Visitor: 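My questions all concern the structure below.
Keep in mind the model is a prediction, meaning the values are calculated, not measured.
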Amino acid sequence: MRAANAAAVSRTKRKEFTMLDAQTIATVKSTLPLLAATGPKLTAHFYDRMFAHNPELKDIFNMSNQRNGDQRQALFDAICAYAANLENLAALLPAVERIAQKHTSFIIQPEQYNIVGEHLLATLDEMFSPGQEVLDAWGKAYGVLAGVFINREAEIYKESAEKTGGWSGTREFRIVEKQPQSELITSFLLEPADGKPVADFQPGQYLAVYIRDASLENQEIRQYSLTQAPNGKTYRIAVKREGQGAVSNFLHNFALPGDIIHLAAPHGDFFMDISETTPVALISAGVGQTPMLGMLNTLAQRGHKAPVQWLHAAENGAVHAFAGEVKDAQAHLPQLESHVWYNQPQESDLPGEDFEFQGFMDLSKVSDKISNPAMHFYLCGPVGFMQFAAKQLLARDIAEANIHYECFGPHKVI
């Protein structure tokens with residue numbers, strides 16, 4: 001299944017991968033069993049070392065993902081995938097595009113790749129003492145990959161800055177409206193403080209929100225999906241309150257209309273790129289509906305001609321957000337159908353009005369609605385939910401190329 005769109009991947013040119021010599025490839029690949037046996041302890045050592053020597057990078061990395069181990073696992077998986085594909089680096093293009101888009105939302109600069117490379121080689125040396133030949137081989141391999149990222153990210157920065165309403169770095173935005181959408185999700189309507197236009201975006205992309213406040217130990221950066229269709233004037237995001245979420249709780253508890261926050265330009269490799277005659281299924285659970293809302297509202301704006309299925313799962317009505325907005329979209333999308341599952345409905349939840357089905361999302365309930373082989377499926381929600389939904393789609397012989405998904409936080413393969 002594709003985590004990135006083909007259009008996005010094609011922009012990362014295959015020729016950017018410089019061919020490594022056979023000896024370097026063989027030397028790096030010889031270390032794969034050692035890496036596999038070590039597991040994420042390798043990347044834990046790397047991150048601990050890097051943050052000890054370069055604590056300023058804590059203002060860029062999501063430290064919550066460091067504490068829960070997600071980022072360490074994701075980096076370990078990426079290192080192993082790179083080492084295993086040194087003879088077929090083109091296979092890594094989707095991952096390169098996804099990571100490059102995320103890096104540009106963090107405004108990563110070329111010199112920071114030198115810092116990462118220094119600590120990666122030092123980590124290999126300190127943990128394994130593999131000898132200079134191995135360290136030199138890894139240095140060459142890392143240099144090739146860093147060059148690919150630096151080049152692609154330079155292209156993305158240029159594209160973002162040159163768009164109508166675009167910008168480089170961060171830009172000040174004012175919170176115009178703060179609207180609770182459920183017990184857990186609040187939306188924020190944002191306008192540029194300079195009063196100038198804002199860049200359009202692809203439906204499904206996200207904004208990076210930069211928060212620096214005395215109550216937070218470090219600057220915090222988070223990505224939130226854009227939930228409206230492009231309008232050239234404002235952006236809207238929706239934020240779920242997470243139990244220990246530093247930024248989500250700050251935005252829910254303290255951010256007010258009139259406050260200024262800083263945003264990087266829209267980014268992301270997960271977006272809808274279809275013709276007006278392509279049938280679409282938007283499948284989500286919980287706050288995973290946010291990129292789907294951006295897609296739905298864009299389809300409505302365009303007056304999409306083909307069938308659209310909105311398939312959403314929520315725990316109950318108290319946490320089900322944007323239900324009214326989805327219904328309103330039907331005025332512009334006569335072929336839109338909405339089907340909602342509640343896992344544990346409350347007494348106040350009305351079957352047939354608030355939700356249609358109870359329990360986990362069973363796609364056999366709507367099998368006749370998703371049988372068109374030309375239909376494209378967009379998934380977002382908890383990883384377990386996406387795995388469950390994708391398994392059902394594949395069992396129905398849906399082509400993998402027609403299934404697209406987004407992971408919030410470090411990427412996982414579903």
Visitor: Where the side chain of T43 meets the backbone of R72, is there a donor-acceptor pair that is under 3.5 Å apart?
Guide: yes
Visitor: Would you say the side-chain atoms of T104 and E153 include a donor-acceptor pair closer than 3.5 Å?
Guide: no
Visitor: Indicate whether the side chain of E118 and that of Y142 have a donor and an acceptor atom separated by less than 3.5 Å.
Guide: no
Visitor: So, do F270 and H404 have ring centers that fall under 6.0 Å from each other?
Guide: no
Visitor: Filter on salt bridge (charged side-chain N to carboxylate O under 4.0 Å, His left out), then keep only pairs touching residues 194-214, sequence neighbours left out; what's left?
Guide: D59-R212, R171-D194
Visitor: Shortest non-hydrogen contact from C380 to G288?
Guide: CB-O, 3.2 Å
Visitor: Is a salt bridge present between E87 and K29, judged by a nitrogen-to-oxygen distance below 4.0 Å?
Guide: yes
Visitor: Between N402 (side chain only) and A399 (backbone N and O only), is there a donor and an acceptor less than 3.5 Å apart?
Guide: no
Visitor: Counting distance only, does the side-chain N/O of Q392 pair as donor-acceptor with the main-chain N or O of M361 below 3.5 Å?
Guide: yes
Visitor: With a 3.5 Å distance limit and no angle check, can you tell me whether Q205 reaches the backbone of G268 through a side-chain donor-acceptor pair?
Guide: yes
Visitor: We want to know whether S30 and T27 form a side-chain donor-acceptor pair, criterion being a heavy-atom distance below 3.5 angstrom.
Guide: no
Visitor: Against W341, only a single residue in F355, F357, F388 fulfils ring-ring contact (aromatic ring centres under 6.0 Å, His included); can you say which?
Guide: F357
Visitor: Please confirm whether the backbone N or O of A81 pairs with a side-chain atom of N85, one donor and one acceptor, at under 3.5 Å?
Guide: yes
Visitor: Considering only NZ, NE, NH1 and NH2 on the basic side and carboxylate oxygens on the acidic side, decide whether E162 and K158 come within less than 4.0 Å.
Guide: yes
Visitor: Indicate the atoms forming the closest heavy-atom contact of F201 with P230, along with that distance.
Guide: O-CG, 3.5 Å
Visitor: Would you confirm whether the ring centroid of H332 sits within less than 6.0 angstrom of the ring centroid of H304?
Guide: no
Visitor: Determine yes or no for a side-chain-to-main-chain donor-acceptor pair under 3.5 angstrom, with H53 supplying the side chain and R49 the backbone.
Guide: yes
Visitor: Check step by step if side-chain contact (heavy atoms from CB on, under 4.5 Å) holds for L251 and I211.
Guide: CA-CA 9 Å; L251 291 172; I211 302 294; 4.3 Å; yes
Visitor: Between Y378 and W310 (judged by ring centroids, cut-off 6.0 Å), do the two rings come close enough to count as a pair?
Guide: no
Visitor: Whether the E56 and N54 side chains hold a donor-acceptor pair (N or O, under 3.5 Å, no angle test) is what I'd like checked.
Guide: yes
Visitor: Answer yes or no: is there a donor N or O on one side and an acceptor on the other, between the side chain of H267 and the main chain of A265, under 3.5 Å?
Guide: yes
Visitor: Restricting to non-hydrogen atoms, name the atom on I108 and the atom on Q112 that form the minimum distance, rounded to 0.1 Å.
Guide: CA-OE1, 3.3 Å
Visitor: Minimum heavy-atom separation for G204 to M295, with atom names?
Guide: CA-CE, 4.0 Å
Visitor: State whether the side chain of T38 and the backbone N or O of L34 hold a donor-acceptor pair below 3.5 Å, judged by distance alone.
Guide: yes
Visitor: Hey, is E217 close enough to K58 for a salt bridge, meaning N to O under 4.0 Å?
Guide: no
Visitor: Output, in order, the C-alpha distance, side-chain angles, deciding distance and verdict of side-chain contact (heavy atoms from CB on, under 4.5 Å) for I283 and L393.
Guide: CA-CA 11 Å; I283 303 175; L393 293 175; 4.2 Å; yes
Visitor: Do V134 and D136 have side-chain heavy atoms sitting under 4.5 Å apart?
Guide: no
Visitor: Should the pair F250 and F254 be assigned to parallel (<30°), tilted (30 to 60°) or perpendicular (>60°) ring geometry?
Guide: tilted
Visitor: Over all heavy atoms of both residues, which pair between S187 and Q181 is shortest? Give the atoms and the distance, please.
Guide: OG-NE2, 2.9 Å
Visitor: Is it the case that the ring center of F149 lies less than 6.0 angstrom away from the ring center of H103?
Guide: yes
Visitor: Please check if any side-chain donor atom of S371 sits under 3.5 Å from a side-chain acceptor atom of D368, or the reverse.
Guide: no
Visitor: Is there a salt bridge (Lys or Arg N to Asp or Glu O under 4.0 Å) between R174 and E191 once you walk through the steps?
Guide: CA-CA 5 Å; R174 182 178 295 103; E191 67 177 10; 3.5 Å; yes
Visitor: Kindly give the heavy-atom pair with the smallest separation between Y235 and A199, and that separation in Å.
Guide: OH-O, 2.7 Å
Visitor: Please check this pair: side chain of E97 against backbone of P94, looking for a donor-acceptor N/O pair closer than 3.5 Å.
Guide: no
Visitor: When you check the side-chain N and O atoms of T278 and H376, is any donor under 3.5 Å from an acceptor?
Guide: no
Visitor: Tell me whether T227 contacts the main-chain N or O of A238 through its side chain, where contact means a donor paired with an acceptor under 3.5 Å.
Guide: no
Visitor: Can you name the ring pair (Phe, Tyr, Trp, His ring centres under 6.0 Å) partners of W138, sequence neighbours left out?
Guide: none
